[in-house]
Structure formats: C-alpha cells, structure tokens
Amino acid sequence: MRNRNGIFWGLFLLLSAAILVVSQLHLITYTFSFWTVVATIFLAAVLIKSLVYFSISGTVFSLAFLGILYAKPLGITAIVPWTILGAALLITIGLSMILNPFLRKHRPWMNYSKGYTRGHHGPFFNFDYSSEPDMKTIDEPDVDVYVKMGNSVRYVKSDDFKTANINVNMGEAKVYFDHVTVKDTAIINVNVSLGGAELYIPSNWNVIKGVNNSMGNITEAGVRNVGEDSPDVTISGLVSLGNLKISYI
C-alpha cells in the first residue's frame, strides 16, 4: 500500500510539473477557467490512482470525464455527454472481460473457479449471476469472496480470522463478520468496481480505514464501541465508481 501511494504521488507531481511548464510557455492557446483547472487536477489524480491500482473503470471514466471537460478544444461536442459516457461503460465492460485474466497476475487473490475450492489463499467462494446466496461455516483464517454481475450474501465464521479479500465487479455483496473472532489483528481487502459492498462489522473492533476512493462513495453506519481489548482490523483496497458501506453491529 505504501509503495503504491509513493508511485501515485510521484506520477501526480510529475504531471503537475508538466502542466505548469506547458501553461507558462503558452503552448496551449485555449483559455481554461479556474474550475476547469481544478476539475482537471482532480480527474488527473483519479486517473493516476486508477492506473496504479489497475482499475479499468476508474481509468476509462476519468478519461471520459476529461473528454467531456475538454470537448470544445477536442472538437467532440457532438458526442458529449451521453454518447461518450455510454461508450465508456461499454469499453469498461469489454476491457474487464479481456484484461481480467492478466490483471489477476498483479492481484493473485482475484483468481477463482466455480463453487468452493481450497488453494494457497484458503477457501474461496465465487458467485456469478446464476448463484444463489448461501451460508457456510469457515474455520480457515483466510476467506476470499468474488461477486460479478450478481447479488450475494456471505456469512463468515472463523475462530481465528486473519484475512478477507472481497472483490465486487458490477454486482452487490453483503458480508457479515459478526460470528468472527480476531485474536490479534486482521485485514479486509476490498475491491469494488461499478458495484456495491456492505460490510457488517462488530462494533467492538478497532477499524483502521485505508481504502482508496476513485469516484466512489464510502459511508459508515452504526455506533462503535471500542475498548482497550478491541482487536485492530484494517480495511484497505479500492472503491472505483462504486459504493462501500461499513455497518457496525
């Protein structure tokens, strides 16, 4: 996580330096408003972060919004906004289908197969549009959940919970951790793209949030009841054009 943040800020500063030099040399004749520059910096930050985290939806839609923002100098006013946004959605779906096998090499926990398997990363549960929510007892410390173009509910049970990897792509997932015991520390990795995920977390967990937000929405609900003996649980990952809700129960 720290290494990726360094890459993000490094690329962002390099791009900012390039924009500054070009603007001072007057190489661009088109006049930009203050808010256009602010929006450009924001979208450039989203674009860089999406590239660093291999987020297809964040990359495509940030480029689409930049295209809408600069439609006049680019000469594409005839296709903004709905045509370019529709094309961005189709491109996102198409690239996700084509590039996901390659992206799994960079994010190994995204590998999955139908049904229940047990491998190097522990028990893995896959849900697609044809799957029905079910409940299983998990005694392993590591759990992976993958949801694509569907809806699912996962009830996690573990006596020594360590890690959960939750990947939601164009779907909805609810994951309950109320029957989980954390003996020391644990981490929940989330990757939500064009979908939504809701995590039901025990209120006595000391939750440390480290989720990167790329044009998404992250909310919290419920009351926290953290004490001296509360375990530390880190929630990290990326929300790209999606929603993540953390509910304390």
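Between Ile188 and Val175 the shortest side-chain heavy-atom distance does not fall below 4.5 Å. Using a 4.5 Å heavy-atom cutoff, the side chains of Leu63 and Leu47 are in contact. Taking the side chain as every heavy atom from C-beta outward, Val182 and Val180 approach each other to under 4.5 Å. Counting only heavy atoms from C-beta outward, the side chains of Thr59 and Leu95 never approach each other to under 4.5 Å.
Taking CG of Asn189 as the reference point, atom OG1 of Thr163 lies at 7.0 Å (rounded to 0.5 Å). Taken to the nearest 0.5 Å, the OG atom of Ser236 stands 13.0 Å off from the NZ atom of Lys209. The line from CD1 of Ile93 to CD1 of Ile56 is 11.5 Å long, rounded to the nearest 0.5 Å. Interatomic distance, OG1 of Thr219 versus CG of Leu244, reported as 7.0 Å (0.5 Å rounding). Rounding to the nearest 0.5 Å gives a distance of 13.5 Å between CD1 of Ile249 and CG of Asn225. From Asn169, atom CG reaches atom OG of Ser240 across 10.0 Å, with rounding to the nearest 0.5 Å.
A parallel orientation is assigned to the rings of Tyr200 and Tyr176, their planes being inclined by less than 30° (bins at 30° and 60°).
Linking ILVMFWY side-chain heavy atoms closer than 4.5 Å, directly or via other members, places Phe42 and Ile68 in a single hydrophobic cluster. If you chain together hydrophobic residues whose side chains sit under 4.5 Å apart, Ile187 and Val168 never meet in one group. When the side chains of ILVMFWY residues are joined at heavy-atom separations under 4.5 Å, either directly or via intervening members, Leu74 and Ile84 end up in a single hydrophobic cluster. Phe177 and Ile208 fall into different hydrophobic clusters, where Ile, Leu, Val, Met, Phe, Trp and Tyr side chains are chained together by heavy-atom contacts under 4.5 Å. Hydrophobic cluster membership differs between Val223 and Val226, with clusters built from Ile, Leu, Val, Met, Phe, Trp and Tyr side chains linked at under 4.5 angstrom.
Scanning for side chain to side chain donor-acceptor pair (under 3.5 Å) contacts around Asn206 gives Asp232, with sequence neighbours left out. Judged as a side-chain contact (heavy atoms from CB on, under 4.5 Å), and not counting sequence neighbours, the contacts of Glu172 are Asn151.
Listed for the Arg224 side chain is a donor-acceptor partner under 3.5 Å among the backbone atoms of Val207. Using a distance-only test at 3.5 Å, with no hydrogens or angles considered, no donor-acceptor pair links the side chain of Ser57 to the main chain of Thr92.
The minimum heavy-atom distance linking Ile76 with Gly67 is given by the pair CD1-O, 3.6 Å. Summarising the geometry of Ile235 relative to Val211, their closest heavy-atom pair is O-CG2, 3.4 Å, with the distance given to 0.1 Å. In terms of heavy-atom proximity, Val192 sits nearest to Asn243 at CG1-O, 3.9 Å. Taking each heavy atom of Asn213 and Asn217 in turn, the nearest pair found is OD1-N, 4.0 Å. Closest approach of Leu85 and Phe61 over heavy atoms only: O-CE2, 4.2 Å.
For residues 228-249, no residue pair satisfies the ring pair (Phe, Tyr, Trp, His ring centres under 6.0 Å) rule, not counting sequence neighbours.
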Steps toward side chain to side chain contact (heavy atoms under 4.5 Å, CB included) verdict (Leu199, Val190)
CA-CA 10 Å; Leu199 310 180; Val190 295; 4.1 Å; yes

